[in-house]
Amino acid sequence: MKKNNLVQTILLWSILLGMHTVIMTGCKTKAADQQQSGTSDVLSVPPLMERKGELASAAEWGKTKEKVAELNQKIAKDARDVKSRLQIAVIYIAEARVTGEHPYYYPAILKILDGVLAIDSRSFEALVYKSSVKMSQHQFAAAKEIAESAKNINPDNAYVYGILTDANVELGNYEEAVKMSDKMQELKPSLESYSRASYLREIYGDYPGAIQAMKMAVEAGLPGSEPQCWSRKTLAHLYEKTGKWDEAENQYQQILAKRPSYSFALEGLAKVEKNRKNYKKALELLEQASAIMPEFSFEEERGDIYMVMGDKPKAAEKYKTVLSMLAEDEKSGHISSLEKCRVYGKMGDYEKAMEEAQKEYRARPANIDVNQAMAWISYQLNKPSEAIEYIKIATRTGSKDPELLEKAASIRKSNG
């Protein structure tokens with residue numbers, strides 16, 4: 001059931017890498033004829049959140065604060081300065097990625113974008129960014145609807161097809177996702193389009209093709225940039241799934257050679273050490289990653305290691321921490337039912353796991369990850385006939401994910 005947030009991450013790359021083109025050439029907005037009621041509140045810009053710890057000493061942080069201050073001064077002079085508002089939104093999206101402070105930044109970004117849309121309801125950029133944030137919050141149906149609106153305004157923009165690829169994947173519309181991905185590559189072959197092609201190939205069980213496409217994404221990225229680092233991290237993850245742990249380690253080391261504080265590469269190395277049964281080293285690496293940024297997956301991985309070590313009390317403590325972090329995220333509009341289902345399952349609370357899985361199933365019954373969750377929890381609750389129906393849907397794309405295949409085998413065996 002555990003998945004990287006690859007889809008949500010890729011869509012943020014689209015925003016960051018397309019920022020210059022979209023904002024500098026696409027902001028041809030027209031002010032509304034009349035002011036709406038409560039305009040001052042709608043148009044207020046939430047402040048930049050101060051960084052903490054090691055991230056506060058990063059070279060780009062001072063420049064980021066200066067840029068936001070400069071943009072706010074422009075907005076103070078002209079409240080209807082859409083270009084400056086969109087630039088702040090892009091900076092906040094980057095900060096959310098770098099710091100992990102999603103509970104603050106996602107609502108802040110949405111507020112800024114709603115302000116832009118109050119000025120110009122047909123702002124293509126604002127709609128694209130809003131759809132992206134909704135994707136990151138796992139509000140997939142809403143994201144798709146907003147992205148469709150953006151596509152109707154500008155049907156020749158590659159980035160909007162990327163978001164539609166992501167949304168259709170999460171909603172289980174895989175055939176439509178392939179069409180959107182193909183359209184994106186047609187309009188603009190890039191790191192973002194190659195990454196999406198890789199993910200879809202993985203979904204359809206083509207690991208060699210997925211690795212090939214992700215290598216192309218890495219090659220297309222700016223050396224040492226966050227998008228390229230995430231591409232390498234995802235490439236490493238594909239190597240892990242195919243049992244090529246040395247290749248995975250090499251990718252993580254290449255990331256850290258460029259960006260020593262890239263926490264997700266530290267998490268990746270921890271998984272490598274876990275596979276080698278070097279549990280102490282794995283825990284140390286995860287501790288380093290957690291010190292850089294708050295991320296629930298780091299704590300969950302620590303819980304998994306404690307469980308393998310046989311230390312159930314410490315594992316339970318970490319899983320409770322994860323649930324607390326997810327609950328905090330939910331206050332900002334993030335839907336985390338599938339993640340909570342996974343954690344409750346690891347804790348052995350299958351009734352609560354099923355409650356969370358059913359929430360996701362009602363929202364997106366065709367998604368293969370959701371059906372995998374429903375299948376496995378049904379199996380744990382001794383409902384083999386229900387489990388087999390869910391696993392049929394979970395395996396319908398021909399995925400060769402090792403965890404899925406292992407669970408499918410157990411479920412099919414239980415049904416004779």
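Heavy atoms only: backbone and side chains are in, while hydrogens, waters and symmetry mates are out. No experiment lies behind these values; they were computed from the predicted model shown.
Applying the salt bridge (charged side-chain N to carboxylate O under 4.0 Å, His left out) definition to pairs two or more places apart or across chains, those involving residues 322-334 are E328-K331, E330-K340. Among residue pairs with one or both ends in residues 379-400, those qualifying as ring pair (Phe, Tyr, Trp, His ring centres under 6.0 Å) are Y361-Y390, W376-Y379; sequence neighbours excluded.
For K111, the NZ atom is densely surrounded, since the number of other residues' heavy atoms within 6.0 Å is greater than 12.
The closest side-chain donor-acceptor pair between S297 and E267 falls under 3.5 angstrom. Of the N and O atoms on the side chains of Y319 and D304, at least one donor lies less than 3.5 Å from an acceptor on the other residue. Between the side chains of D120 and S123, no donor-acceptor pair of N or O atoms lies under 3.5 Å. Looking at E295 and S263, their side chains never bring a donor and an acceptor atom within 3.5 Å of each other.
Salt bridge present: E300 and K346 bring a charged side-chain N and a carboxylate O closer than 4.0 Å. At a threshold of 4.0 Å, the pair K233-E226 does not count as salt-bridged, since none of the basic side-chain nitrogens sits closer than that to a carboxylate oxygen. Between E360 and R364 there is a salt bridge, since a side-chain N of the basic residue sits under 4.0 Å from a carboxylate O of the acidic one.
With sequence neighbours excluded, the residues forming a salt bridge (charged side-chain N to carboxylate O under 4.0 Å, His left out) with E287 are R302, listed by chain and number. Listed by chain and residue number, nothing satisfies the salt bridge (charged side-chain N to carboxylate O under 4.0 Å, His left out) test with K134 (two or more places apart in sequence, or in another chain). Scored by the side chain to side chain donor-acceptor pair (under 3.5 Å) test, Y252 finds E240 as partners (sequence neighbours excluded). Remark: K392 pairs with E389 by the salt bridge (charged side-chain N to carboxylate O under 4.0 Å, His left out) rule, at least two apart or across chains.
Ring centers of F140 and H138: under 6.0 Å apart, within the cut-off.
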- How far apart are the C-alpha atoms of Y159 and K188, what are their side-chain angles, what is the distance that settles it, and do they pass the side-chain hydrogen bond (donor to acceptor under 3.5 Å, both in side chains) test? CA-CA 9 Å; Y159 300 112; K188 188 175 182 178; 2.7 Å; yes

